[in-house]
There are 2 protein chains.
Amino acid sequence: MTQGRPMRADARRNYERLLKVAAEAFAEYGENASLDDIAKRAGVGSGTLYRHFPTRGALLEAAYVDRIEALGVRAGELAQDLPPGEALMEWLYELAVATLQVRGMKALLSSAVTDGSGAAAPPACGSVVKGAAARLVDAAQAEGTLRADVQPIEVLRLAHGVAMAAELAQGEPGEIRRYLRLLAEGLRAG
Amino acid sequence: MTQGRPMRADARRNYERLLKVAAEAFAEYGENASLDDIAKRAGVGSGTLYRHFPTRGALLEAAYVDRIEALGVRAGELAQDLPPGEALMEWLYELAVATLQVRGMKALLSSAVTDGSGAAAPPACGSVVKGAAARLVDAAQAEGTLRADVQPIEVLRLAHGVAMAAELAQGEPGEIRRYLRLLAEGLRAG
DNA sequence: AGGAAAGCGGAGACCATCCCCGGTTGCTGT
DNA sequence: ACAGCAACCGGGGATGGTCTCCGCTTTCCT
């Protein structure tokens with residue numbers, strides 16, 4: 001649908017260079033890395049950057065799609081290897097770790113689970129995360145270990161909240177697990 | 001201790017004007033309101049603003065001390081009117097509401113509960129919030145309705161996480177209560 | 001080869017933070 | 001009352017970020 005023509009060779013080159021440099025820059029300087037600086041490092045003008053990625057969010061998303069998709073795949077693996085309740089919790093853990101560890105992912109994932117009506121950027125990658133969550137939540141609810149009155153999106157939001165809480169305890173890596181376990185108690189069926 | 005001399009009259013005038021204007025500006029534009037603009041509105045130069053409040057955080061804190069102290073007082077009232085467990089939860093609710101409602105308070109409260117070692121600004125008001133939380137948590141633990149293995153600071157962080165989670169569900173005001181109730185299950189003794 | 005369209009790039013407009021220092025104001029002692 | 005000296009003011013300007021605009025270059029197609 002968005003494919004009138006294949007991209008011109010130089011355009012594709014620049015696009016990919018930008019993506020590579022952006023991922024490095026976001027990792028190094030966080031989600032507020034200077035965009036003009038990214039353009040400069042990639043050896044292109046800032047105009048080129050803004051044409052390919054109109055907003056910071058668009059670039060952020062494009063730079064991390066593979067990481068997001070890996071989370072989607074991971075959901076499938078966990079669903080196969082663990083009982084539904086445990087699979088969900090382990091996946092939420094890995095999601096929270098990614099949220100904190102990969103600098104710049106926070107903003108991306110957070111806008112993915114925002115009630116879209118008013119927001120600025122509805123990232124496409126949101127559907128991957130939401131889809132994975134929905135599958136794991138449904139399975140756990142069918143199994144009867146997860147209370148039936150919560151929606152997948154709520155679970156995602158709460159996991160994001162847990163990640164934020166853990167972030168406040170900088171330097172205590174075990175805190176994510178600890179807080180998530182407390183959340184799990186609240187989500188348990190019964 | 002910080003009181004070598006009383007403040008000069010013009011200095012005090014400017015200080016208070018800035019505080020008043022800053023509270024308005026933060027309420028209107030959020031925590032990223034332009035500082036130079038605040039200075040202009042207050043009828044002072046930007047130099048004056050930066051002399052009184054070296055960082056954005058300092059201004060934010062000064063502008064909201066009264067709101068924070070009101071939360072401290074409220075903790076006392078709730079402790080008197082309700083059983084400890086309920087008092088804690090109601091207070092956390094009001095804390096979360098303040099976090100979301102008063103734009104600009106979020107950053108302030110969040111830095112208050114951060115593991116201070118590396119952070120930029122250790123706000124004095126943090127002790128008010130932490131003190132209130134400690135009292136309510138202790139009482140609830142003594143009563144036996146709150147699990148004994150959580151620390152007050154952890155409860156604060158989790159409440160902050162709940163507020164963040166609720167923020168993602170923009171426009172659903174009941175979500176704070178809902179998410180807090182889930183957290184409460186996880187924190188319940190037993 | 002040659003022309004049209006797609007794409008490039010960086011100058012520059014705009015806005016924010018924050019320092020700096022010449023000039024001004026309020027306080028204090030006589 | 002008034003002189004003198006801190007303390008304090010104010011805004012100009014350096015720095016750095018975002019994002020647009022448009023003349024020029026590159027690619028692709030025939």
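Numbers restart at 1 for each chain; the letters A, B, ... are given by sequence-line order, proteins then strands.
- The ring pair (Phe, Tyr, Trp, His ring centres under 6.0 Å) test applied to A:Phe53 returns A:Tyr15, not counting sequence neighbours.
- In plain terms, the two heavy atoms of B:Arg74 and B:Trp91 that are nearest each other are C-CD1, 4.3 Å.
- Regarding A:Lys40, its NZ atom lies at a distance of 11 Å from the C1' atom of D:dG17, rounded to whole Å.
- Under 4.0 angstrom from either OP1 or OP2 of D:dC9 there lies at least one side-chain N or O belonging to B:Arg51.
- Between A:Arg157 and A:Glu154, no side-chain nitrogen of the basic residue sits less than 4.0 Å from a carboxylate oxygen of the acidic one, so the salt-bridge criterion is not met.
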Show the distances under 3.5 angstrom between N or O atoms of the protein and N or O atoms of nucleotides 25-27 of chain C.
from, atom 1, to, atom 2, distance (Å)
C:dT25, O2, B:Arg8, NH1, 3.2
C:dT25, O2, B:Arg8, NH2, 3.1
C:dC27, OP1, B:Ala9, N, 3.1

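- An OP1 or OP2 oxygen of D:dC9 is reached within less than 4.0 angstrom by a side-chain nitrogen or oxygen of B:Asn14.
- Remark: side-chain polar atoms of A:Glu90 are not paired, donor with acceptor, to backbone N or O of A:Leu78 under 3.5 angstrom.
- Rounded to whole Å, the distance from CG on B:Leu59 to C1' on C:dC18 is 14 Å.
- Comment: B:Glu61 does not engage B:Arg56 in a salt bridge, judged by the lack of any side-chain N to carboxylate O separation of less than 4.0 angstrom.
- Atom pair A:Ile38:CD1 and D:dC19:P shows a separation of 12 Å (rounding to whole Å applied).
- Whole-Å rounding puts the A:Tyr15 OH to C:dA6 C1' distance at 17 Å.
- OP1 and OP2 of C:dG10 both lie 4.0 Å or more from every side-chain N or O belonging to A:Ser46.
- Atom CD1 in B:Ile153 sits 8.5 Å away from atom CG in A:Leu168 (nearest 0.5 Å).
- Between B:Glu16 and B:Lys20 there is no salt bridge, since none of the side-chain N atoms of the basic residue sits less than 4.0 Å from a carboxylate O of the acidic one.
- Under the 4.0 Å criterion applied to side-chain N and carboxylate O atoms, B:Asp36 and B:Lys40 are not assigned as salt-bridge partners.
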Are there any protein N/O atoms within less than 3.5 Å of an N/O atom in nucleotides 14-17 of chain C, and if so, which ones and at what distance?
from, atom 1, to, atom 2, distance (Å)
C:dT17, OP1, B:Leu35, N, 3.4
C:dT17, OP1, B:Arg56, NH2, 2.3
C:dT17, OP2, B:Leu35, N, 2.9

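- Distance A:Arg12 CZ to D:dT26 C1': 17 Å, rounded to the nearest Å.
- Between B:His52 and D:dC8 there is no side-chain N or O to OP1 or OP2 distance below 4.0 Å.
- Between A:Glu185 and B:Arg188, no side-chain nitrogen of the basic residue sits less than 4.0 Å from a carboxylate oxygen of the acidic one, so the salt-bridge criterion is not met.
- With rounding to whole Å, B:Arg17 atom CZ is found 11 Å from D:dG10 atom P.
- Each of B:Pro54 and A:Thr48 was matched to the nucleotide of DNA chain C holding its nearest heavy atom; the match closer to the 5' end belongs to A:Thr48.
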